[in-house]
Amino acid sequence: MSDKKKGPESKTYKFDTLSLHAGYQPHKNAGSRQVPIYQTTSYLFDDVDHAAALFNLERGGHIYSRISNPTVGVLEERVASLEGGTAALATSSGMSAIFLTVMTLCEAGDHLVVSSQLYGGTVNLFRLTLPKFGIKCTFVKPRDTEGFKKAIQKNTKGIFGELVGNPGNEIMNMPEIAKIAHDAGIPLMVDATYQTPYLCKPFEHGADIVIHSLTKWMAGHGSSMAGILVEGGNFDWMQNDKFPTMTKPYEGYHGLSFAEEFGPTAFTMKARAEGMRDFGPCLSPQNAWNVLQGIETLSVRMKKHCSNAEEMVKYLLGHESVAWVSHPSVPDHPDHALAKKLLPNGRGSMIAFGIKGGKDAGVAFINSVKLASHLANVGDTRTLVIHPASGTHSQMDEATLKFAGLSHDMIRLSVGIEDIEDIKNDFEVGFRAARKPRLVSNQ
Amino acid sequence: MKFKVNGHEVFASTGGRPFDKNKPLIIFVHGSGLTHMTWVLQTRYFAFHGYTCLALDMPGHGLSGGKSLKSIEDMADWISSVIDSVGYKEASLVGHSQGCLVTIECTARYPDKIKTLSLMGGAGAIPMNPDLLALAESGDPKAVDLMMDWAHGPAGHFGGHPVPGLYHINTGGMLAKSRTIKDTLAVDFRACDNYKNGFEAAKKIKIPTLSILATDDKMCPVKEGKKLADLIEGSKVDIIDNCGHMMLLEEADRVLKVLKSFITTNYPSKH
Amino acid sequence: MSKNPETIALHGGDYRSDPATTAVAVPLYRTTSYQFNDTGHAANLFALKEFGNIYTRIMNPTNDVLEKRVAALEGGLAALTVGSGQAASTFAIMNVCQSGDNFISSTDLYGGTVNLFTHTLKKLGIECRYADPADPKNFEKLIDEKTRCFYAETLPNPYLRVFPIKEVADIGRKHNIPLIMDNTASPVICKPLEHGAAVVVHSLTKFIGGHGTVIGGCLVDGGNFDWTADPKRQPLFNEPDMSYGGAKWGEVVPQLTGANVSFAIRARVCLLRDLGAPLAPDNAWGIIQGLETAPLRMKQHCSNAEKTVDFLKKHKNVERVIYPTLHEGEIAARSKKYFKGGNGALVGIEVKGGVEAGKKFIESLKMFYHVANIGDARSLAIHPATTTHSQLTEEELLAAGVTPGYVRLSIGIEHPDDIIADLDQALNSSGKPNLKAVG
């Protein structure tokens, strides 16, 4: 059974294999090699006992597609396997994955410590919307590791952050912040949308819950909205009395204690049985299938995304129209060393750069490029550009803009997997226009 | 629920229903290094259908106190003490893997107390791969990875957990890592390796016995399971296709169906 | 535009053909994002200075067709589609309530909504107060200065007592409190907005979709409620929202759009943005297909249900039949007042012989599907005591109106003779003694 010299090695499937196979067994699905799309709302019960057993969580299975669906289930298992997690719950968008995570953890009167460098939608959720429901947040700059510790209060239920902050490319010291969270008996939740498990598996660095907008690099095609929360299975909910809804009998479920009964999958079970059941942001089976198609090519795409990004960084650094470039692969980036440790397979394909000539030049650039698409998304296979000061973040007042780490000359670039020369040629067009901004008017 | 056995606190899941002394008792005994949670898809059913269930955390495992017991014989005696401690005179036993060795030995030692015996992935002896044993005894998490690799059949390696969204291999691995490997998994492996009385114990068993075996079980192959079953008078054998050693998760519904028919026939509840 | 649901279902809203290709069938825009014309366009979209597609979480052209069509069907001004009926209920409440607020709900409610209201919203500091709709005045008694809305279902299980929409809406309007009606069980046959409701929510999964293939929900803004009349009553519409540069939704939306659609817009740009429960465009497309035949199906559903009720009333193994028209007095009068063209597809029966007979009946059905759903074109049945409501204690069961022998039927559009034949044979076997032992 084993090679005597090296000792036996586990032969559980590796990343590239899991991205094609995990969560699905053809022999249980009419032999169909591809995952079927179960476009159904409901499921027939064998008999009354079967129905009751499903409702009581006595047996696994599907009741209603709001709560679970076989196609969505394959996606959930596949992402859990890629992340090295125990369980996952897919949602209809990345935002609803964050929302369900917070709702599973918190109630009115609770508090979260949150990294200040986040996607604008997430900032709005934590800064303005959650407080309306009694959940308060303290924001800490991602590099201020000690600040996370200081911000923890008695009613703090967790720490949340994006591994590489958007849009400033500031990296959280995940291992240290995880330790701070665990010393305080609370979980660390990481939004790893920009990394995908190909670049980083946050559970290996101490995270307890990983969240993805699957809409982005995981799917890649920009055709479908989807989100997911993944559980690491290592957090001990019973170590303190901070999480009574996980550890005490739950009245909505016959007095079930999720932590006692489901241990390493308790968080996901609760998020599904309560949050998904009641709030209902379920993923459509068709979208789950579309995302599965994307995940099949995750590794090959991410390699190309990263190599194109490094090429673009070199190109931008050497360009006369560029004032500055922010990407963790740049040697003088403040988190260069940390990025090497946390993102050994590549530093991601999000680049921020400053265009000489400020806001007007930024507007001219964006309005002139032809290949790069100007839109409110990231992580498409196609190259995307946006000028936050005049686009995504235009609803923010001056203070909020600064708070989010933005400047007027900043262009955010999500590097696609086109031929690198075509991307560079397109940028030349943009830069030429930016040097003569008056020729491109913007009503 | 928590209760005390020999002065140490013990945790057992009651399958989501309150402990009820009026109903017949089924005790579930987990495999090496694991916890009560491996039984979640069996206990909840019986708990909702007329039985009192105790899916135990063995001493030193999961949420139970004390130290891991060092021999299968000690574990067998301990199961008998559990029955006494909760105020019962008899029980039906269900074991998985190492839990099979424990329940066989317990049944042989306390023939009047045990009313039915259900074995999953059982064998008369479970000699340990020396490399695996060494890894566990050095506390190397690789031991858990290897165990999870070998314990799942080819189909199980792709997932397909009956509970939507759960991923087998990582869930099992997390259970086995929930306490220190050296103090749980390693002690269990050594106890299995040392235990030689399985076949003798089996010959003494006169109660209804069920063996559920799986075609792709590398840890307790069908051949070994059958050898054991042959020694137990009138024992029933059920073999599951396309399934490995972690049958209670890999084919939870199939296992439950067989177990349900066996226990409700041979140890019926009036409730 | 036509007032007739058959026409609205096919033409309602402003979609005639695809602007890009002139295709008549609604195209499926399976995209997440939309190219901006230029930076000015982008800035205007984000600042809500002009409306247009930004990102499919917030809006999508396929969903837009469905939204406008459902709004037209309900006689509302605007609609918002979301990922499920539950998400629609969640959004309806969270769009008007924040921590410390309360709302008043009818006691007659779908179990999933009860869980949301009683257990889950409570955790967000939102209190649900329950009023028995038998007497509309019960709603008035529970109002205090923190009450933000009323919530009820038009045709609620298990009693199938039609809700007194106008009576309760009128009470609400006296206090500037909007009535939100869940009209899932009675589209086409009832239009709550015409009776004074301010907002309608649907699980589109049910009768509007009809095919049981997709999950979806929506909120319809009636445009008939003044959110600014009493600023203290509706703070979320009258206090500045710092996530949109201090916009006051009750004021800014009518200014921008020229229409009183503050409720729909706020739900879209705040709740879909932050809580993110969008409906997949594929699902919107699937529901549009269903909606096209919803008025025809509803007719058949209702006439089949009437025939089924007549049959069940006479069956020896049926203790009791529950149907909106079978109530007495004022409650029965409500179905005449609020329903046009039928009384719905939901029928409750009490099978003689309690829980075992109920089980036996369900398991003997051959054509009816035993599933946890309603409103499919196919006939469905479920025995709540052993399924959907099995998480409740016996007292909670009775409080929810679920007796041991109660079976819920959702009558489909098969031929009525086949529906009745299946029920007949199952009822006959429910009365027979059990031959095999029950585990």
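Reminder, nothing fancy here: chain letters follow the sequence lines and each chain counts from 1. None of the values given here were measured: they were computed from a predicted structure. Values reported hereafter were calculated over all heavy atoms of this structure, with side chains retained and with hydrogens, waters and symmetry mates removed.
Heavy-atom distances place no part of B:F46 under 4.5 Å from chain A, backbone and side chain included. Contact annotation for A:L18: only side-chain heavy atoms (C-beta onward) come within less than 4.5 Å of a heavy atom of chain B. Proximity to chain A (any heavy atom under 4.5 Å) is shown, for B:L146, by both the backbone and the side chain. Heavy atoms of B:A155 lying under 4.5 Å from chain A belong to its backbone as well as its side chain. Proximity to chain B is limited to the backbone of A:A259, based on heavy atoms less than 4.5 angstrom apart. Both the backbone and the side chain of B:H161 come within less than 4.5 Å of a heavy atom of chain A. For B:I169, the part lying near chain A is the side chain, with the backbone staying farther off; criterion is any non-hydrogen pair under 4.5 Å.
Screening residues 23-39 of chain A for salt bridge (charged side-chain N to carboxylate O under 4.0 Å, His left out), with sequence neighbours left out, gives A:K28-B:E251.
Here CG of B:N170 is found 11.5 Å from CD of A:E231. Values are rounded to the nearest 0.5 Å. One distance of note links CZ of A:F203 with CE of B:M174; it measures 8.0 Å at 0.5 Å rounding. The distance from atom CD of A:Q25 to atom CD of B:E250, rounded to the nearest 0.5 Å, is 8.0 Å. Taking CG of B:L256 as the reference point, atom CZ of A:R59 lies at 6.0 Å (rounded to 0.5 Å).
The interface of residues 75-90 of chain A with chain B, defined by heavy-atom distances below 4.5 Å, comprises A:E76, A:E77, A:A80, A:S81, A:G84, A:G85, A:T86, A:A87, A:A88. Taking non-hydrogen atoms and a 4.5 Å limit, the residue list of residues 60-72 of chain A in contact with chain B, ordered by number, reads A:G60, A:G61, A:H62, A:S68.
Side-chain contact between A:D49 and B:Y45: present, with at least one pair of heavy atoms (C-beta onward) separated by less than 4.5 Å. Side chains of B:W150 and A:P8 form a contact here, defined as non-hydrogen atoms less than 4.5 Å apart. Proximity of B:M37 to A:P264: side-chain heavy atoms (C-beta onward) are separated by under 4.5 Å at one or more points. Residues A:R272 and B:P164 meet the side-chain proximity criterion, which asks for heavy atoms closer than 4.5 Å.
By the side-chain contact (heavy atoms from CB on, under 4.5 Å) test, A:A51 is found to be paired with A:F45, C:H370, C:T387, residues two or more places apart in sequence or in another chain being considered.
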Side chain to side chain contact (heavy atoms under 4.5 Å, CB included) between A:H21 and B:H157, worked out = CA-CA 9 Å; A:H21 291 276; B:H157 271 255; over 6 Å; no
Before giving the answer on side chain to side chain contact (heavy atoms under 4.5 Å, CB included), spell out for A:E58 and B:Q42 the whole-Å C-alpha distance, their side-chain angles and the decisive distance to 0.1 Å.
-> CA-CA 7 Å; A:E58 294 163 27; B:Q42 285 80 31; over 6 Å; no
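With chain A as partner, the option from B:V40, B:L135, B:T43 having the largest number of non-hydrogen pairs under 4.5 angstrom is B:V40. Contact count versus chain B (heavy atoms, under 4.5 Å) is highest, among A:T268, A:T17, A:N234, for A:N234. Among B:F158, B:W39, B:F11, the residue making the largest number of heavy-atom pairs under 4.5 Å with chain A is B:F158. Interface check for chain A: of the options B:L175, B:L166, B:V163, the most heavy-atom pairs under 4.5 Å are formed by B:L166.
For NZ of B:K23, the number of neighbouring non-hydrogen atoms (other residues, nucleotides, ligands) closer than 6.0 Å is greater than 12. Summarising the local packing, NZ of B:K227 is surrounded by 12 or fewer heavy atoms from other residues, nucleotides or ligands at distances under 6.0 Å.
The backbone N or O of A:K11 sits less than 3.5 Å from a side-chain atom of B:D149, completing a donor-acceptor pair.
A donor and an acceptor atom, one from each side chain of B:S13 and A:E260, are nowhere located under 3.5 Å apart.
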